[in-house]
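The structure appears right after this line, and notes come after that.
Because only heavy atoms are used, hydrogens play no part in the values below, and waters and symmetry mates are left out as well, while side chains stay in.
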Amino acid sequence: AKQRLNLREHFLRDERGFSGSTGALAVTCYGVALMVGRLVNGPVVNRMGLKPSFQLQGVLTFVGGILIVSGGPAIVALGGAFIAGFGLAGVGPSGLSLAGKAWPSAPGAAAGLTLLGGYVGLAAAPLLGGLFASVASTRVTLACVAATGIGILIASLAVREDDQSSSSSA
């Protein structure tokens, strides 16, 4: 996770010419949004349902990713970091809820496999992000945040309507 944060800060400071404090503030906005998003995820899923919530998470992640790399003023990039963090915050708990519904006879095993996949992704992301940034650019690498939002939207299409019942992990 640290490498991804460094990429965001590097992009804003070195490629966009913003101050170091702006890069640090983007990292802070992202972290605060993850925390707030986790706190409100359960109530949002209970109110909207799992599928619409998952779709909203994808849209927020996509929009936030676009704003981060858009080239606008610093406030736009900071807002994008917050929006992307807020969108990504609920993906893990929603994924755990979906895993339990997909394998109701062994929800613990389903959650374990889901978490294992997430941990492997977190372990590989800094390596792949750094490699991709050195081959392409930091802007293109951070555009992967927007691509993640599209991936979440595509994954939400697999959620059946009867999976919308209000159950979630906060």
Side-chain angles (χ1 to χ4, degrees), residues 1 3-5 7-8 11 29-31 33-71 76-77 79-104 106-107 109-133 135-170:
Q3 180 67 26
R4 287 183 297 179
L5 298 179
L7 284 174
R8 194 173 295 114
F11 170 70
C29 285
Y30 181 75
L34 283 172
M35 181 191 69
V36 171
R38 282 288 169 98
L39 291 174
V40 302
N41 184 63
V44 168
V45 171
N46 286 336
R47 177 173 282 248
M48 292 179 65
L50 192 52
K51 184 172 185 164
S53 297
F54 210 43
Q55 291 169 331
L56 177 62
Q57 292 160 2
V59 168
L60 290 174
T61 303
F62 174 74
V63 168
I66 293 296
L67 291 174
I68 290 169
V69 298
S70 69
V76 172
F82 185 87
I83 291 168
F86 194 77
L88 287 169
V91 172
S94 296
L96 291 171
S97 293
L98 290 170
K101 289 173 175 278
W103 199 358
L113 287 172
T114 301
L115 289 171
L116 179 63
Y119 292 143
V120 168
L122 284 174
L127 297 170
L128 294 175
L131 176 66
F132 196 59
V135 171
S137 73
T138 308
R139 181 183 295 265
V140 172
T141 303
L142 287 174
C144 291
V145 173
T148 299
I150 293 170
I152 294 166
L153 282 170
I154 291 169
S156 74
L157 298 175
V159 177
R160 295 185 316 265
E161 293 300 322
D162 62 338
D163 288 340
Q164 289 189 56
S165 64
S166 57
S167 70
S168 108
S169 304

Check against side-chain contact (heavy atoms from CB on, under 4.5 Å), Thr138 and Leu142:
CA-CA 6 Å; Thr138 308; Leu142 287 174; 4.2 Å; yes
Run Ile68 and Ile83 through side-chain contact (heavy atoms from CB on, under 4.5 Å) and show every step you take.
CA-CA 9 Å; Ile68 290 169; Ile83 291 168; over 6 Å; no
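Scanning all heavy atoms of the two residues, the minimum distance from Leu34 to Gly85 falls at CD2-O, 3.3 Å. For Ala110 against Gly100, the heavy-atom pair with the smallest separation is CB-N, 4.3 Å. The two atoms that bring Leu157 and Lys51 nearest to each other are O-NZ, 4.0 Å, heavy atoms only. In terms of heavy-atom proximity, Gln57 sits nearest to Gly87 at CB-O, 3.3 Å. Looking at every heavy atom in both residues, Thr61 comes nearest to Ile152 through OG1-CD1, 3.9 Å. Nearest heavy-atom pair across Ala89 and Ala33 is CB-O, 4.1 Å.
Two residues are said to be in side-chain contact when any heavy atoms from C-beta on lie closer than 4.5 Å; Val145 and Phe62 fail this criterion. Taking the side chain as every heavy atom from C-beta outward, Lys101 and Leu50 approach each other to under 4.5 Å. Counting only heavy atoms from C-beta outward, the side chains of Phe132 and Ser137 never approach each other to under 4.5 Å. At least one side-chain heavy atom of Val45 sits less than 4.5 Å from a side-chain heavy atom of Asn41.
Looking at Ser70, its side chain does come within 3.5 Å of a backbone N or O of Leu67 through a donor-acceptor pair.
For Ala109, the side chain to side chain contact (heavy atoms under 4.5 Å, CB included) partners are Trp103, Ala106, not counting sequence neighbours. Judged as a side chain to side chain contact (heavy atoms under 4.5 Å, CB included), and not counting sequence neighbours, the contacts of Ala155 are Phe54.
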